[in-house]
Enquirer: 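Attaching a single structure in structure tokens format; questions to follow.
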Amino acid sequence: RSRFGAPSHRRTLGTAPIPSMAPAVADAVGRTAAPGGAREVVEATCRTPGCEGAGRVRSSRSAVVLAAVVCWCLFVNHYARDATGALEREIERDLGIDAHQFQALNSMYFGPNIAAPFLAGAVAQRVGAGRLLIFAQALAAVGHVTVGVGMQLRSYESILVGRAILGVTYESIDVMPLPILAPRFGESWGSLVGAFNSALRMGSVTNFALSPLAYHFGGLPAAFWLSFAMGFSGLVAALFVPMLERRAPPSPPSDSQSAAAASDANSHGAGEPVDVEGPSCCSDLGSLVVFSMYIMTAAFLYSSIVPFWFYGGAFIRDKWGYSLQAADAMMLFPEGSMVFLSMPIGLVVDRVLIGGRFLVVGARSLVLSLTLVLVGFVLLVAFPAPALSPWVPMGILGVTYAACNTVLWSLSSGLVPSSCYALGGGVLGSAMNIGPTVLPLIMAAAGSESRAIAWLAGAAGAAGHAVTYTTTTTTTTAVTINNPWDPAAAAQQPAISYAPAVAGVPPGGHCGGPPPAT
């Protein structure tokens, strides 16, 4: 096992003369360099008639069920997140609190997410993402009970504590699909990103539909005990994740390591051990540079999107004179766009982001989407109200938000170091919450909604520059990129060395110590 607690890929292969070592390498490390990936491994190790097809179907079904379970966890996570937003006025009236106290409930929820996802990713890297998901869902259930009791007793302090507990788990749950699902859906990762983006956005939309209905029949306690029921179902679903992970083992990596392993095996003579090892979290300086720029891109991109939910409705009401209900309906349009467009965009991503240039194509798609986000903001602010309906810029923002979110997460399986998906996902989750936490404070001091939205446009422009720089870096520097879309193209890439050119890091890339014994 590696120092992070994950199973190590290092093996010492046999010394007996073998005509071709490539199948032995495939059997030893559970992967192959052939285009078919896992299917060829099944064919090489399956000896009885009919077992190959049965094994492949069982693994495929388990992986799909695993994806559905994780999507349900995301659904209930976002249902709980927006439970207070759907009943803002009712909570203030029934509990006797003012607007500042209500906003404190949201601050207690979102504040911990700057650090909590990073810590959760570090723990998941050591104990496994499935176990971490169970713990997060169990902790969230405690938060749901605390909020429910607080609503029953009209205790603002209990509600505040419960929301803080839920906030600790919120983004930690949201980033778990990367370490759990990315290794199992390499060639269809874009479609899966669209699926879980639709699931979590559907959780928000469902909450805005059910919470007012529950409040109508039973007041605040009924609405928030329903939220508890949703959250508890997420815990029950998470309990099945470790079992499903065992039934659906990760697909073979589609990067150049597989090709290098087969090449080394064929080139070694009889009696020579072959060392096959994946990179560690700090093994490639170039990859870490690209990963850092990707994190910066995500931080700026979410800074340009998330704060708009806090200012967009008021801006539309002031500029176009819309009622509260009409402005809220306008703000639901981008959310609905993500529900219905994320999956089709993910399918397109899987068809387009192929070959060795998948990063370049993905980056160009992201830059185009960010440019259209800028166009939407300019139309909102610059054009006078009589000359342009808000449906035009809001329509542009809805489509481009869905595209940005799906493409960004689709690139995650290629830009987050594959040896530390859990830790990398945690860093990504923390970075995405920096801007949405800090930028609203700056926007509040901007003096007007137009100036505030100009800050969002600036964040979108900064994200576009970060994407452009990342693409330039990868084309001018020898950087290891995981290409989950095209195993055949990855197999044709030259072998790579994992020894970093960094002082103080020993060969083999193991931070703080020598590489494990062969």
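The chain is numbered in sequence order, starting from 1.
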Enquirer: Nearest 0.5 Å please: distance from the CG atom of Leu423 over to the CZ atom of Arg126.
Expert: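 The CG atom of Leu423 sits 12.0 Å away from the CZ atom of Arg126.
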Enquirer: Does one side chain, of Asp82 or Ser204, offer a donor that lies under 3.5 Å from an acceptor on the other?
Expert: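 Per modelled atom types, Asp82 and Ser204 side chains form a pair under 3.5 Å.
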Enquirer: Where do Leu301 and Ala463 come nearest, in terms of heavy atoms and distance?
Expert: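 What the structure gives for the nearest pair is N-CB, 3.7 Å.
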Enquirer: Could I get the full list of ring pair (Phe, Tyr, Trp, His ring centres under 6.0 Å) partners for Phe75, not counting sequence neighbours?
Expert: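 Testing Phe75 for ring pair (Phe, Tyr, Trp, His ring centres under 6.0 Å), a comparison that skips the adjacent residues, returns Trp72.
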Enquirer: Any side-chain hydrogen bond (donor to acceptor under 3.5 Å, both in side chains) pairs touching residues 135-148, not counting sequence neighbours?
Expert: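 Output for this query is empty, none listed.
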Enquirer: For Glu171, is there any backbone N or O sitting under 3.5 Å from a side-chain donor or acceptor partner on Asn113?
Expert: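 Yes.
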Enquirer: Quick one: pull up SG in Cys404 and CG in Leu370 and give me the separation to the nearest 0.5 Å.
Expert: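 Between atom SG of Cys404 and atom CG of Leu370 there are 4.0 Å.
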Enquirer: Which heavy atom in Trp409 sits nearest to a heavy atom in Val175, and how many Å separate them?
Expert: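 Smallest heavy-atom distance, with atoms named: CH2-CG1, 4.3 Å.
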Enquirer: When you measure from the side chain of Thr406 to the backbone N and O of Gly346, does any donor-acceptor pair fall under 3.5 Å?
Expert: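 Checking the backbone N and O of Gly346 against the side chain of Thr406, no donor-acceptor pair under 3.5 Å is found.
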Enquirer: CG/Leu415 to OG1/Thr297 distance, rounded to the nearest 0.5 angstrom?
Expert: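 Rounded to the nearest 0.5 Å, the CG-OG1 separation comes out at 9.0 Å.
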Enquirer: Taking all heavy atoms of Ser412 and all of Trp189, pick out the closest pair and write down the distance.
Expert: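 Nearest pair, atom of Ser412 first, then Trp189: OG-NE1, 3.5 Å.
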Enquirer: Quick check against the 3.5 Å criterion: does Ser342 have a side-chain atom that pairs as donor or acceptor with the backbone of Val339?
Expert: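 No: the side chain of Ser342 does not pair with the backbone of Val339.
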Enquirer: Would a 4.5 Å heavy-atom cut-off, applied to side chains only, mark Leu239 and Ile134 as touching?
Expert: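 The answer is yes, as the side chains (C-beta and beyond) meet within the 4.5 Å cut-off.
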Enquirer: Between Val168 and Pro112, which heavy-atom pair has the shortest distance, and what is it?
Expert: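 Heavy-atom minimum between the residues: CG2-CB, 4.0 Å.
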Enquirer: For atom OH of Tyr302, is the number of surrounding heavy atoms from other residues, nucleotides or ligands below 6.0 Å larger than 12?
Expert: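 It does: Tyr302 OH has more than 12 such atoms within range.
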Enquirer: If we ignore hydrogens and angles and just use 3.5 Å, is the side chain of Tyr421 paired with the main-chain N or O of Ser413 as donor and acceptor?
Expert: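 Such a contact is found between Tyr421 side chain and Ser413 backbone.
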Enquirer: Quick one: does Arg184's side chain have a donor or acceptor within less than 3.5 Å of a partner on Ala248's backbone?
Expert: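 A pair under 3.5 Å: yes.
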Enquirer: Between Tyr109 and Arg163, is there a side-chain donor-acceptor contact under 3.5 Å, judged purely by atom types and distance?
Expert: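 Arg163 vs Tyr109: no donor-acceptor pair found between side chains.
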Enquirer: Verify whether one side chain among Asn405 and Asn197 offers a donor that lies under 3.5 Å from an acceptor in the other.
Expert: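 There is such a pair between these side chains.
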Enquirer: Sequence neighbours excluded, which residues qualify as ring pair (Phe, Tyr, Trp, His ring centres under 6.0 Å) partners of Tyr79?
Expert: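 Once residues adjacent in sequence are excluded, Tyr79 has no partner under the ring pair (Phe, Tyr, Trp, His ring centres under 6.0 Å) criterion.
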Enquirer: Evaluate the criterion side-chain contact (heavy atoms from CB on, under 4.5 Å) for residue pair Ser211 and Leu226; output intermediate values, then yes/no.
Expert: CA-CA 8 Å; Ser211 288; Leu226 175 60; 5.8 Å; no
Enquirer: For residues Phe300 and Val467, determine if any side-chain heavy atom of one lies less than 4.5 Å from a side-chain heavy atom of the other.
Expert: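 They are not in side-chain contact.
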Enquirer: Please evaluate residues Asn77 and Leu200 with respect to the criterion side-chain contact (heavy atoms from CB on, under 4.5 Å), reporting the C-alpha separation (whole Å), side-chain torsions for both, the decisive distance (0.1 Å), and the verdict.
Expert: CA-CA 7 Å; Asn77 190 39; Leu200 56 88; over 6 Å; no
Enquirer: Restricting to non-hydrogen atoms, name the atom on Ser191 and the atom on Leu347 that form the minimum distance, rounded to 0.1 Å.
Expert: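 Residues Ser191 and Leu347, closest heavy atoms: OG-CD2, 3.2 Å.
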Enquirer: Restricting to ring pair (Phe, Tyr, Trp, His ring centres under 6.0 Å), what partner residues turn up for Phe135, sequence neighbours left out?
Expert: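 In terms of ring pair (Phe, Tyr, Trp, His ring centres under 6.0 Å), with neighbours along the sequence ignored, Phe135 is linked to no residue.
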Enquirer: Distance-only, no hydrogens or angles: does the Ser430 side chain make a donor-acceptor pair with backbone N or O of Val427 under 3.5 Å?
Expert: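 Not at all, since once roles are kept as given, no pair shorter than 3.5 Å links the two residues.
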Enquirer: Does a side-chain heavy-atom distance below 4.5 Å link Ile173 with Leu133?
Expert: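 With C-beta onward as the side chain, the pair touches.
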Enquirer: Please name the pair of heavy atoms, one in Ala120 and one in Leu132, separated by the smallest distance, quoted to 0.1 Å.
Expert: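 Nearest pair, atom of Ala120 first, then Leu132: O-CG, 3.7 Å.
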Enquirer: Regarding Asp174 and His78, do their side chains bring together a donor and an acceptor under 3.5 Å, going by distance alone?
Expert: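 Present: a donor and an acceptor within the cut-off.
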Enquirer: For a side-chain contact (heavy atoms from CB on, under 4.5 Å) check, start with the C-alpha distance between Ser227 and Val147, then their side-chain angles and the critical distance, and finish with the verdict.
Expert: CA-CA 9 Å; Ser227 179; Val147 171; over 6 Å; no
Enquirer: Output, in order, the C-alpha distance, side-chain angles, deciding distance and verdict of side-chain contact (heavy atoms from CB on, under 4.5 Å) for Ser369 and Tyr401.
Expert: CA-CA 8 Å; Ser369 300; Tyr401 278 2; over 6 Å; no
Enquirer: Glu157 versus Val161: any side-chain heavy-atom pair under 4.5 Å?
Expert: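 No, every pair of side-chain atoms sits at 4.5 Å or beyond.
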Enquirer: Please enumerate all residues that pass salt bridge (Lys or Arg N to Asp or Glu O under 4.0 Å) together with Arg201, with sequence neighbours excluded.
Expert: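 Arg201 satisfies salt bridge (Lys or Arg N to Asp or Glu O under 4.0 Å) with Glu335 only.
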Enquirer: Flag the pair Val416 / Tyr294 as yes when at least one side-chain heavy-atom distance between them is below 4.5 Å, and no otherwise.
Expert: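 They are in side-chain contact.
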Enquirer: Return the set of residues passing side chain to side chain contact (heavy atoms under 4.5 Å, CB included) with Val70 (not counting sequence neighbours), or none when no residue passes.
Expert: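 Val70 satisfies side chain to side chain contact (heavy atoms under 4.5 Å, CB included) with Leu66, Pro177, Ile180, Leu181 once adjacent residues are dropped.
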Enquirer: With rounding to the nearest 0.5 Å, note down the distance linking CE in Met243 to OG in Ser62.
Expert: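 So the CE of Met243 and the OG of Ser62 are separated by 8.0 Å.
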Enquirer: How many angstroms lie between atom CG of Leu178 and atom CG of Leu428, to the nearest 0.5 angstrom?
Expert: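 Leu178 atom CG to Leu428 atom CG measures 7.5 Å (nearest 0.5 Å).
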Enquirer: How many angstroms lie between atom CZ of Arg81 and atom CG of Asn207, to the nearest 0.5 angstrom?
Expert: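 CG of Asn207 is found 9.5 Å from CZ of Arg81.
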